[in-house]
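To find a chain, count down the sequence lines: A is the first, B the second, and so on, and within it residues start at 1. Every heavy atom of this structure was used, including side-chain atoms; hydrogens, water molecules and symmetry mates were not.
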Number of protein chains: 2
Amino acid sequence: MTARTSGSAPAGPGRRDTRQRRLLRDQLSRQEAFVSAQQMYDDLRASGDRVGLATVYRTLQAMTEAGELDVLRSDDGEVLYRQCGPQHHHHLVCRSCGVTVEVDGPAVEKWAAKAGEAHGFTEVTHVVELFGLCAACSRASR
Amino acid sequence: MTARTSGSAPAGPGRRDTRQRRLLRDQLSRQEAFVSAQQMYDDLRASGDRVGLATVYRTLQAMTEAGELDVLRSDDGEVLYRQCGPQHHHHLVCRSCGVTVEVDGPAVEKWAAKAGEAHGFTEVTHVVELFGLCAACSRASR
DNA sequence: CCTTGTAACGAGAATCGTTCTCAATAGTAG
DNA sequence: CTACTATTGAGAACGATTCTCGTTACAAGG
Ligand SMILES: [Zn+2]
Ligand SMILES: [Zn+2]
Ligand SMILES: [Zn+2]
Ligand SMILES: [Zn+2]
């Protein structure tokens, strides 16, 4: 027996501070928009950083499970990630550039819960996302 | 020149009444739940009907573009289809059996439009879906 | 009915995002 | 510094969806 003698340090997956994880965390904290794993991978590559695609996928998933990222699925089926604030909110996403604004909608929450009950459903969750063209992209497309 | 002499009968894609399309339309009109192309394919196969997978995908897509079907993406990324009523509505979907109830939420529509404007977004659309366990599935899982 | 032009089919190959495998690498506690 | 093992990454494997292209079969004319 060599490592871990007593029940103190919580060893196990997800706790090592690696170069790859630092890179991803940094890039995410700098992002305004929702981005895909592929985009993250390409961007890191472009800036000369060496990271494996599988690692990007794994890390993004792990962070999501840990509640550090919000997920969204684009129309063409790609999974997009974003580092958001901690409170419950919804997203107003630009269809063109991905820029995202966090918005809240207390009315929606209530409506959702009520609608669920009314039909005998339990454990009701809701998916509420808004898509549009941000001010900048609206202007650009005129 | 043989077919189409004058500018009357709108020839072109999407208008032939084939056995496969009838089968799909029939099965969809009998479905309470959102279903995937694969499921449709399997079900048709199971009931002895001969249909190609590509045809199922193509037809479902065409019907969707024609506004005859509503689309939804499952958590694991599959596209699900359902024949719904013509008016704008949202869905309360059972996570377990897929059974769906159409619900409306005037409050949500307003909130969405307003939130969009407030941040300078244009052409705002919304995705609002509710997921839960239907009464039957809630009972079964106790 | 029979003929035609072509929309629609379908089997299988090709895409594409994502996940898995497994040998090599590198945090970390001691 | 060493040992233990979490993590990585190249490439194979997957699964849903799309594409290809030779064959089939609607449906308008004749
Ligand atoms: Zn968010
Ligand atoms: Zn934009
Ligand atoms: Zn619907
Ligand atoms: Zn159910």
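Contact of the A:M40 side chain with the A:Y57 side chain is not registered, since no non-hydrogen atoms from C-beta on lie closer than 4.5 Å. The side-chain heavy atoms of B:R95 and A:F121, taken from C-beta on, include no pair separated by under 4.5 Å. In this structure, A:V128 and B:W111 have side chains that are in contact, with non-hydrogen atoms separated by less than 4.5 Å. By the 4.5 Å heavy-atom criterion applied to side chains, B:H126 and B:H90 are counted as neighbours. Using a 4.5 Å cut-off on side-chain heavy atoms (C-beta onward), A:H91 and A:F34 make contact.
Proximity of A:T18 to the phosphate of D:dT7: no side-chain N or O atom is located under 4.0 Å from OP1 or OP2. Taking side-chain N and O atoms only, A:R50 has a distance below 4.0 Å to OP1 or OP2 of D:dA10. Within the 4.0 Å cut-off from OP1 or OP2 of D:dT24, not a single side-chain nitrogen or oxygen of B:Q20 is found. Dashed line: the shortest gap from a side-chain N or O of B:T55 to OP1 or OP2 of C:dA8 is not under 4.0 Å. The side chain of B:R21 contributes an N or O atom lying less than 4.0 Å from OP1 or OP2 of C:dC9.
Comparing D:dT7, D:dT8, C:dG10 by their closest approach to the side chain of A:R16 singles out D:dT7.
Between the CD atom of A:Q39 and the P atom of C:dT18 there is a distance of 10 Å, rounded to whole Å. Rounded to an integer number of Å, the gap from CG of B:L60 to P of C:dG10 is 14 Å. Put simply, CD on A:E65 is 10 Å from P on C:dT19, counting in whole angstrom units. In this structure, CZ of A:R19 is placed 8 Å from P of C:dA26, rounded to the nearest angstrom. Taking atom CZ of A:R22 as the reference point, atom C1' of D:dT7 lies 13 Å away to the nearest angstrom.
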Query raised in the report: For every nucleotide of nucleotides 16-21 of chain D, 5' to 3': is a protein heavy atom under 4.0 Å from its base (B), only from its sugar-phosphate (S), or from neither (-)?
Result: SBBBB-

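Distance check: A:R30 CZ to A:Q27 CD gives 6.5 Å after rounding to the nearest 0.5 Å.
For the pair A:E102 and A:R82, the salt-bridge criterion is met [side-chain N within less than 4.0 Å of a carboxylate O]. Between A:D17 and A:R25, at least one side-chain nitrogen of the basic residue sits less than 4.0 Å from a carboxylate oxygen of the acidic one, meeting the salt-bridge criterion.
Applying side-chain contact (heavy atoms from CB on, under 4.5 Å) to B:T64 and the options B:V79, B:V71, B:D70 leaves one that passes, B:V71.
In this structure, the helix from C:dC1-D:dG30 to C:dG30-D:dC1 shows an angle of 30° between the axis at its start and the axis at its end, each fitted on 5 base pairs and rounded to 10°.
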